[in-house]
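First up is the structure itself, then whatever we jot down about it.
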Amino acid sequence: MRLSKMHLRTLREVPAEAEIASHILLLRTGMIKKLVSGVYGFMPLGWRSVRKIEDIVRDEMDKAGGQEILMSAVQPAELWEESGRWTQYGPELWRLKDRNGRDFCLGPTHEEIFTDIVRNDVSSYRQLPMNLYQIQTKYRDEARPRFGLMRSREFIMKDAYSFDKDREGLDQSYNDMFRAYEKIFTRAGLTFRPVEADTGAIGGSGSHEFTALSEVGESEIAYCDACQMAATSERAAFVDDPATSEERKPMEEVHTPGTKTIEEVAGFLGLEKKQTIKALLFVTYDDGGEENGYVAAFVRGDRELNMTKLINLLDIPEHAIAFADEEKLEAATGAVGGFTGPVGLHHCKIVVDSELTGQQNLCAGACKVDHHILNVNYGRDYEGDLIGDIKMLLPQDPCPVCGAPIKYARGIEVGQVFKLGTKYSESMGATYKDENQKEQFIVMGCYGIGVTRTLAAVVEQHHDENGIIWPMSVAPYHAIITLMKPEDPDQKALGEKIYEELGEAGVEVLLDDRKERPGVKFKDADLLGIPVRITVGRDAADEKVEYKLRREEETLSVSAADAIAAAIKIVNEER
RNA sequence: CGGGGUGUAGCGCAGCUUGGUAGCGCAACUGGUUUGGGACCAGUGGGCCGCGGGUUCAAAUCCUGCCACCCCGACCA
């Protein structure tokens, strides 16, 4: 491609709307264009990189036994009603009506559609296992689109679904996908980490996220250097402090004026934070959005509540719970803001962190203004409706696997794999006949990769202050030939010759033949970050050029023939 | 959804406090001089000043309602 003919518009200045490197650089290189908040279009260079990622994904998916299909982004509400997600999914589901008032949505994901295909087409164990995937535009009406392609309302996703006879088959399919994902992200040039993840609203029994490490990432992962443990912060399990066997003392109400926070109470009474009980109060909503109950969650004073774990324990959708309005709650349950404890609460579901059941003589709120109770003991003084691990694993806490101190890192979630099990096949009736002519539910898995988010993650990990530094596999072009003076006959001839020969060798090459000053071309070449850079200038008459691989490498003065050979070699090694 | 900020030429911004009918840099176009790291000179074109309502002889500027966009938080298969 000749730059003089290409639709390319680079920006000299940083667009006001962008804050992080990938967003700034994708806009400055003219690779993406914003239409409205969270909706982007791809210009020639941007689209080429998207397709590079798609092709890596296709290649590895096909090798892992997947078959590519393409379903519509428009989905009828009926299927979502069958699975129960039409009401469960919440406002992120982009809903629309046709002219007759019939309900549809733009697919945020396609479990219902793929389950529907398979329940119609699959009837025998002989047809299983099967893996179908598509690369397609997805829609999620995000509350807050952010950072360009990182969190957008329209984005390109690869979604795959596996269909197996049983759990063992699913485990195999899941592992195949897991390995394919490792290859895909490695080929895309990402530094990433697979981490155990929560299954969220999509449901199911097991999941990993593939997280590209980055400070600007929105995912938080807890990991351990001493062993292989790595999990999202909301998923990471916690091993409770060992139960103590202190003698249980009688409860004692104490006057603790103005001590609303754990720090204040502990300080006032001369206790450690771990000797207290922290209360968190929530209101829950039914499907119609009406309030239908209260929840009080209790964790040890030195712990933090993990909302995801709480929601999973309660087994309710994410949007069905919110922090409670204190005054309303007080009338209904006896809770008092800042002085709520598990003793004396009523009309309220009580959720107790498992750790509290083994600890003696703790201090809790008395459900009475300016009062706390000492020596509260689980079993004797209060009980929970639900008991489980509802606390965050924080940095320095002991690793649940090996006990070493936990570390935290941030990252961009570029892919996720789920074991769905029979959640959708049961709700939607997807069955097959086994060898004994018995009807069985198909066991499913689903596997997503955010293609456009992966592009953003690659730029986030591969750039410097002058521009993008593409890995070969994802670069829009492999090489760029810069003509210093395109009107100089020697330069023009040599440039064209190199352009020809590289093209014939299968190298994707740009020829910068624009009538611009050298500085402009160099700045654009830096910004675009095409890996192989060949500059044709004053030594063109002697068939000599400058050759450079990426910005960190040295610039070499070599013959045109050597530059061509070097370019072909490196492109074939790294593509 | 809560808090904060911003909307003026394709991009980046000034003007608004103190109303008088819009300006700078970059980009674009013409001519000339330049030519190895975002050139220079001269000239040209381009604006419903986010949208509506109000105050006023007069509104980019003051009042008011709405909308859009960005950031923090809530939320996020």
Does the base of B/G37 carry an N or O that pairs as donor and acceptor with the side chain of A/Arg12 under 3.5 Å? no
By nearest atom, which of the nucleotides B/G37, B/G38, B/U35 is closest to the A/Thr10 side chain? B/G38
Decide whether A/Gln134 and A/Asp159 meet the rule of one side-chain donor and one side-chain acceptor closer than 3.5 Å. yes
Measuring from the side chain of A/Glu17 (C-beta onward, heavy atoms only), which nucleotide among B/A74, B/C13, B/C70 has the closest atom? B/C70
So which one's nearest nucleotide on RNA chain B is more toward 5', A/Gln491 or A/Gly38? A/Gln491
Side-chain N or O of A/Arg144 versus OP1/OP2 of B/C71: is the shortest distance under 4.0 Å? yes
Electrostatic pair A/Glu220-A/Arg410, nearest N-O below 4.0 angstrom: yes
Ring centres under 6.0 angstrom apart (A/Phe178, A/Phe210): yes
Parallel, tilted or perpendicular: which describes the rings of A/Trp94 and A/Tyr139, with under 30° parallel and over 60° perpendicular? perpendicular
Under the 3.5 Å rule, do the base of B/G38 and the side chain of A/Glu13 count as making a donor-acceptor pair? no
Check this for me: does the side-chain of A/Glu546 come within 3.5 Å of the base of B/G36 through a donor and an acceptor? yes
Looking at A/Arg153, does any N or O in its side chain come under 4.0 Å of the phosphate oxygens OP1/OP2 on B/C76? no
Using a 4.0 Å heavy-atom cut-off across all strands, classify A/Lys138 as base, sugar-phosphate, or nothing. nothing
OP1, OP2 of B/G37 versus side-chain N and O of A/Arg551: anything below 4.0 Å? no
Is A/Lys521 touching bases, backbone alone, or none of the nucleic acid, heavy atoms closer than 4.0 Å? nothing
Could you please name the option among B/C71, B/G37, B/G36 that lies closest to any side-chain atom of A/Glu19? B/C71
Distance between P atoms of B/U30 and B/U21 (Å, rounded): 34 Å
Do any side-chain nitrogens or oxygens of A/Ser37 fall under 4.0 Å of OP1 or OP2 in B/A68? no
